[in-house]
J.: 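Sharing a structure with you now.
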Amino acid sequence: MFRSHTCGELRDEHIGTEVTLAGWVHRRRDHGELIFIDLRDRYGITQVVFDSLTAAAHKVAEEARSEYVLQVRGRVRPRPAEAVNPDLATGSVELEALEASVLNPARTTPLYISKEGGEDEALRLKYRYLDLRRERMQRNLILRHRMIKFMRDFLDREGFLEIETPILIKSTPEGARDYLVPARLHPGKFYALPQSPQQLKQLLMVAGYDKYFQIARCFRDEDQRADRQPEFTQLDMEMSFVDQEDVLQLIERLFIALCRAVVPHKTLSTPFPRLTYQEAIERYGSDKPDLRYDLELVRLDDLLGDTPFQVFRGALEQGGQVKGLRAPGCASYSRKQIDELAELARIGGARGLAWAALPADGGEVRSSFARNLAPGELQAIVERMGGQPGDLLLIVADQPAVVAAALDRLRRELASRLGLIDPNRLSFAWIVDFPMFEWNADEQRWDAVHHPFTAPRDEDLPLLDSDPGRARAKAYDIVLNGYEAGGGSIRIHRRDIQQKIFDLLGISRETAMAQFGHMLEAFEYGAPPHGGIAPGIDRLAMILADEHTIREVMAFPKTQQAVDLMTNAPSPVDERQLEELHIALRRPLLHSSTEPLCEAAGWGVT
RNA sequence: GGACCCGUGGUGUAGCGGUGAACAUGCGGCCCUGUCAAGGCCGAGAUCGCGGGUUCGAAUCCCGUCGGGUCCGCCA
């Protein structure tokens, strides 16, 4: 045994006892004949005192430096009253070193362990094992552990079974790009890593395991974001003999209990509000609105039916909308500040931003567009938007999707600028009644909004024939503080409806059989009504940990280019490995055949 | 595929056309028995991400490139 206690354990009750600690040198304070070392492990920090009277141990302390691994045998003693450190859990005692040894020295670390923040993230990722020693990452990984433990215990009590599904599965061209794995035994064929265990969990329902869950690793070969990594973890769930209400209520109970258990200092309002997809877009311009603040969008179309203002008129004539957002107290914004907002609206796709500043003293309105309006129109807009003296009114006119995207962006920016966001508030909400399909203009066909096994709402079944674009799905997302925290649906279990959906999606019977034959066949052997959901564990952990990227709640994340800076994956492999896999590298497709890249890379030509 | 931001001793920053490239911290040495960001003195440590260009002169300006980040597209 290297240690009798951890570095976070010693208290007054241990005074007088002899203990052995092992850990890393967090800080060292050298007073010559007296040396203090803060010894650290993941449980905490204990101050060890080395007196020159104990010569051998004192010698070790003289040589020790930051991050050396030490073992210290000593006696626990109370600190002098004036030397008690209330910031340390162990701060009322200290260890008087009797014997010490260096278990391992350490080079000067490229990161400070005891001082966090500021450094280039590439450095943190390259030396992740050092970064993980720091308090922030420890706290986050411990929180994540507690979350997952809570989920397992909760679902176990609810009668769920945790069942593992394969990582090597069949590729389907639907959805995100697959990560592929070459099949050595089958030249030219590939496995895919799961984007989610979607089909497998449905087959478990057919198999009668009516309450399934899994802490499932998922893989998607798409471009990264702060909240998206190539591999991530979902709480994947599926249940039989349930309707949408059953799924929502179970998850709501789980999340409420989870948050109260692991982040009791945060406030959450229950029950979770429910918004239809339509309503969310209409009121917030987003299907994952941040409900910690209001700032709702206001529809202005009906006030402007005959407006002479060409921008508004043109948008309305082309089937667009005019909507506004009230920025309370922002009338004093400078031209530059307003230009910044306009730039944000442009990122959302808008061609411009109309604005009107209502002076706090009730004076004349400053506006980019008022002079173009008919008499009374400005007044009507101000009234509809609830404009008060001192407010800035922002208006976008365009196609509905553009208006929504632009105002969503402005809404989030304003909330942040105006300090409307309470960081300790958890605003969960359900978004329900997603549309079944969206029109794919490029391919001239309908795409599934969720996935092809999502059931339509019963009352919308007739719409599949008459007006598929209006058909709503038994699909639901749970959103939290402006993030999509999970999504799911009730699945189709009737063969005839499934066929109809495939027809609408332009999936031929041959294609359906080739890609989903196992599913369709399974459904002919008594598939129960079933549905599920898959909350994203990384995002949830990120939000509960007050972090802004999921990298902060993952032990070994990858960069935006999907590179692991610690191991340098991905990397080239031996020609021999490729041969065994029947793979010949091909000259990459380039815009210009004279591009020198392929030669520089030394790639052969097939 | 695209837009924007960042890259200067081990680490974090300053410098933004002429400096001995500055400061803090860490590192090495010396002093110091109550510190907890210990303190004091001395010292070493930088091809200013890389390549090219402009200029009498480039960390500084321009072009390209690499790496990191944020976002758009993408993510059933």
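Values below: all heavy atoms of this structure, side chains included; hydrogens, waters and symmetry mates excluded. Every chain is numbered from 1 and lettered A, B, ... according to where its sequence line falls, protein lines coming before strand lines.
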J.: Any strand counts, and the cut-off is 3.5 Å on both contacts for Watson-Crick or G-U wobble. Which nucleotide pairs with B:rG64?
T.: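 Partner of B:rG64: B:rC50.
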
J.: From CG of A:Asp227 over to P of B:rC74, roughly how many Å is that when rounded to an integer?
T.: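 Going from A:Asp227 (CG) to B:rC74 (P), I get 16 Å.
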
J.: Students often get this wrong, so: under 4.0 angstrom with heavy atoms, is A:Thr549 touching a base, only sugar-phosphate, or nothing?
T.: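 Here A:Thr549 touches the backbone only, sparing every base.
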
J.: Whole-Å distance between B:rA3 C1' and A:Gln560 CD?
T.: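 For the pair A:Gln560 CD and B:rA3 C1', the rounded distance is 12 Å.
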
J.: My understanding is that only residues two or more places apart in sequence, or in another chain, count here; which of them pass side-chain hydrogen bond (donor to acceptor under 3.5 Å, both in side chains) with A:Gln399?
T.: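 A:Gln399 satisfies side-chain hydrogen bond (donor to acceptor under 3.5 Å, both in side chains) with no other residue.
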
J.: Salt bridge (Lys or Arg N to Asp or Glu O under 4.0 Å) with A:Arg77: which residues, sequence neighbours excluded?
T.: A:Glu94, A:Glu96

J.: Look for any protein N or O under 3.5 Å of an N or O in nucleotides 21-27 of chain B and output each such pair with its distance, or none.
T.:
from   : atom 1 : to       : atom 2 : distance (Å)
B:rU25 : O2'    : A:Tyr112 : OH     : 3.2
B:rU25 : O2     : A:Tyr112 : OH     : 2.7
B:rG26 : O4'    : A:Tyr112 : OH     : 3.4

J.: Using side-chain hydrogen bond (donor to acceptor under 3.5 Å, both in side chains) as the criterion, list what pairs up with A:Arg494, not counting sequence neighbours.
T.: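 A:Arg494: side-chain hydrogen bond (donor to acceptor under 3.5 Å, both in side chains) contacts with A:Asp496.
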
J.: What's the gap between B:rU13 and B:rC42 when it is taken at their C1' atoms, as a whole Å value?
T.: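 Comparing C1' positions in B:rU13 and B:rC42 gives a spacing of 24 Å.
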
J.: Grab the CG-C1' distance between A:Leu39 and B:rC36 for me, whole Å please.
T.: 14 Å

J.: For A:Arg472, enumerate each residue passing the salt bridge (Lys or Arg N to Asp or Glu O under 4.0 Å) test, keeping only those at least two apart in sequence or located in another chain.
T.: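 A:Arg472: salt bridge (Lys or Arg N to Asp or Glu O under 4.0 Å) contacts with A:Asp433, A:Glu459, A:Asp460.
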
J.: List for me each residue that meets salt bridge (Lys or Arg N to Asp or Glu O under 4.0 Å) alongside A:Asp287, sequence neighbours excluded, and say none if there are none.
T.: none

J.: Between protein and nucleotides 38-45 of chain B, map the contacts as a letter string: B base, S sugar-phosphate only, - none, heavy atoms under 4.0 Å, written 5' to 3'.
T.: B-------

J.: Determine the contact category for A:Arg107: base if any of its heavy atoms lies under 4.0 Å from a base atom, sugar-phosphate if only primed atoms, P, OP1 or OP2 are that close, otherwise nothing.
T.: nothing

J.: A:His58: which residues meet the ring-ring contact (aromatic ring centres under 6.0 Å, His included) condition with it, sequence neighbours left out?
T.: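 Testing A:His58 for ring-ring contact (aromatic ring centres under 6.0 Å, His included), a comparison that skips the adjacent residues, returns none.
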
J.: Mind checking salt bridge (Lys or Arg N to Asp or Glu O under 4.0 Å) for A:Arg220 and listing every partner two or more places apart, or none if nothing turns up?
T.: none

J.: Quick one about A:Asp12 and A:Ser92 (side-chain donor to acceptor, distance below 3.5 Å, no hydrogens or angles considered), yes or no?
T.: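 A pair is found: one side chain offers a donor N or O, the other an acceptor, under 3.5 Å apart.
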
